[in-house]
Amino acid sequence: MHNRLDTLLDRTVLLGYGKPGLLLRRTSWEPLAPDALRGRTALITGANSGIGKAMAAGMAELGAEVTLVVRDTERGAAAAADITADTPGATVRVARCDISDLTDVRRFAHELLDHTDRVDILVHNAGVLPRTRAESPQGHEICLATHVLGPLLATELLAPALERSGAGRVILVSSGGMYSQPLPVQDIEYRTGDYHGATAYARTKRIQVALTPKLAERYAAQHISVHSMHPGWVDTPGVATSLPRFRRLTGPLLRTPAEGADTALWLAATEVPPGHFWHDRRIRPEHYLPRTRTSETDREYVWQYCTNAAGFESS
Ligand SMILES: NC(=O)c1ccc[n+]([C@@H]2O[C@H](COP(=O)([O-])OP(=O)(O)OC[C@H]3O[C@@H](n4cnc5c(N)ncnc54)[C@H](OP(=O)(O)O)[C@@H]3O)[C@@H](O)[C@H]2O)c1
């Protein structure tokens with residue numbers, strides 16, 4: 001698709017993030033090779049439903065061995081059964097981890113490293129949009145803990161296994177909602193002001209994107225590439241529960257979970273420059289609005305805060 005039409009779709013948001021954007025853009029995409037991920041191992045958090053489950057199914061279909069990293073292993077097992085029913089012979093495992101709980105992330109990573117030598121793909125997909133302010137067991141605001149701190153710690157602890165891949169990939173599933181918020185430098189834990197779940201969600205999705213270049217730089221020497229992406233607007237159980245009105249209004253414009261999973265699958269299977277924010281297989285801007293622009297000092301401050309809170313040294 002022509003660059004200018006693609007950019008125009010992106011800026012209209014409604015068309016670009018919904019199904020029409022995908023349908024128009026994908027006319028110019030190369031299909032992924034059927035065995036694009038053969039021999040690779042992938043971990044996907046929050047993979048018992050929605051986009052995470054679709055990513056797991058897509059990666060299994062492309063030949064990867066997939067582990068669904070979930071907090072409810074019964075639902076994880078049901079998701080794994082669905083995936084193997086669709087792709088007979090696929091290797092799909094289930095591992096328990098509450099990604100918002102740093103103690104549980106440490107336990108999960110250590111147990112995994114005990115029996116797994118190599119990880120090729122790590123997708124941080126788990127997401128929450130809470131109604132009221134809640135905290136993780138370590139006292140961090142729940143969106144920050146789920147979208148940022150847990151993923152940072154998991155990446156750090158699994159880096160040796162990702163390094164053994166020789167071409168490890170880490171993908172942060174952010175959201176176009178992050179465009180509405182600047183980096184919350186003054187109040188990273190959202191302790192002040194009226195709490196709105198959608199704001200907490202967008203702020204922490206903004207942090208994911210702002211820290212992507214930092215993560216890419218940190219792990220470059222280990223040949224681990226880090227990317228963030230957003231799936232567009234996707235009809236998932238999460239949207240049905242957290243945003244019922246949005247779902248009613250946008251109805252037929254929403255993408256299917258498999259369509260929302262496309263860019264993450266493509267990033268897992270394709271060599272692209274690290275440190276960027278992607279949507280529909282293209283690098284997208286970090287900002288639309290001047291008021292959300294990030295100074296390098298702010299980015300560094302948030303990086304220091306988050307690595308510290310996640311429990312490891314940033315340098
Ligand atoms: N749908 C969209 O339009 C859209 C748009 C932009 C970005 N996204 C992003 O896409 C990702 C997937 O969202 P979705 O729409 O597919 O929502 P979903 O159906 O609600 O899936 C979210 C998944 O995250 C899991 N999860 C939440 N907290 C967790 C934790 N602490 N530890 C482990 N797993 C946890 C949930 O597990 P439980 O089943 O145990 O709750 C669930 O499986 C999210 O990061 C979301 O922000 C979605």
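Given the structure is predicted, the values throughout are model-derived calculations rather than measurements. First listed ligand is number 1; within each ligand, the first listed atom is number 1.
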| message | What does the 4.0 Å heavy-atom contact list look like for ligand 1? | response | Gly46, Asn48, Ser49, Gly50, Ile51, Arg71, Arg75, Cys97, Asp98, Ile99, Ser100, Asn125, Ala126, Gly127, Val128, Thr146, Val173, Ser174, Ser175, Tyr201, Lys205, Pro231, Gly232, Trp233, Val234, Thr236, Pro237, Gly238, Val239
| Pairs where residues 145-170 contributes a residue and the test ring pair (Phe, Tyr, Trp, His ring centres under 6.0 Å) is met, not counting sequence neighbours | His147-Tyr201
| Under the ring pair (Phe, Tyr, Trp, His ring centres under 6.0 Å) test, which residues partner Phe312, sequence neighbours left out? | none
| query | Quick one: are Ile207 and Leu144 in side-chain contact, heavy atoms under 4.5 Å? | reply | yes
N/O donor to acceptor pairs below 3.5 angstrom from side-chain atoms of residues 66-80, sequence neighbours left out:
{"unit_1": "Asp72", "atom_1": "OD1", "unit_2": "Glu74", "atom_2": "N", "d": "3.1"}
{"unit_1": "Asp72", "atom_1": "OD1", "unit_2": "Arg75", "atom_2": "N", "d": "3.1"}

| request: Decide, yes or no, whether a salt bridge links Arg218 with Glu156 under the criterion of side-chain N to carboxylate O below 4.0 Å. | output: yes
| task | Tell me whether the centres of the aromatic rings in His230 and Phe277 are closer together than 6.0 Å. | result | yes
